[in-house]
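Heads up, the thing below is written out as structure tokens.
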Amino acid sequence: MEQNSMDTMNPNPHVATTSDKQKKNRSSKKEMLNFNVYIYKVLNRVHPDLAISAKAMDMMNTMLTNMMLKLAQEASKSNKKRMKNSPLVEPDISYAVFKLFPRKMAHQALYSAFSCLITESVEEICDEMAKM
């Protein structure tokens, strides 16, 4: 009887059982990029009277995740051509945007991004000056 109970128990705690593997898979799925909060905020800012279903939110999240991954891959390729083992910089990301999006859309995206950066920088400078 004791031998049967030993068979059901995991004799080696360092070897993962199937339930441990399933728990790991579930936890790794949660770590994927999730833009749901940002999608909801933008939707409320643009169209406050509209709602979005869970399926539509999931579809938008998938589209944004794929887009971000493609941008990161293209920027990484550009970075590797330019210099090896260096961090991603603005020209790499700009190159990826121009390569993946139509010309007008890429110009608008980069213009919006730079204007946001400038606005944030000005606000930070004003906050620092107010503290003095």
For Tyr40, the side chain to side chain donor-acceptor pair (under 3.5 Å) test, sequence neighbours excluded, returns Asn44

In Å, rounded to the nearest 0.5 Å, how long is the span from CG of Asn66 to CE of Met68?
11.5 Å

Report yes or no: do Met63 and Ile39 belong to one cluster of Ile/Leu/Val/Met/Phe/Trp/Tyr joined by side chain heavy-atom distances under 4.5 Å?
no

Report yes or no: do Tyr38 and Leu64 belong to one cluster of Ile/Leu/Val/Met/Phe/Trp/Tyr joined by side chain heavy-atom distances under 4.5 Å?
yes

Could you pull out every donor-acceptor pair under 3.5 Å between side chains of residues 90-107 and any protein atom, sequence neighbours left out?
unit_1 : atom_1 : unit_2 : atom_2 : d
Glu90  : OE2    : Ser94  : OG     : 2.4
Asp92  : OD1    : Ser78  : OG     : 3.2
Asp92  : OD1    : Arg82  : NE     : 3.2
Asp92  : OD2    : Arg82  : NH2    : 2.9
Asp92  : OD2    : Val89  : N      : 3.2
Ser94  : OG     : Glu90  : O      : 3.1
Lys99  : NZ     : Glu74  : OE1    : 3.4

What side-chain donor-acceptor pairs closer than 3.5 Å can you find for residues 45-62, not counting sequence neighbours?
unit_1 : atom_1 : unit_2 : atom_2 : d
Ser53  : OG     : Ala56  : N      : 3.2
Asn61  : OD1    : Phe35  : N      : 2.7
Thr62  : OG1    : Asp58  : O      : 2.8

Would the distance check show the side chain of Ser115 and the main-chain N or O of Tyr111 forming a donor-acceptor pair, the cut-off being under 3.5 Å?
yes

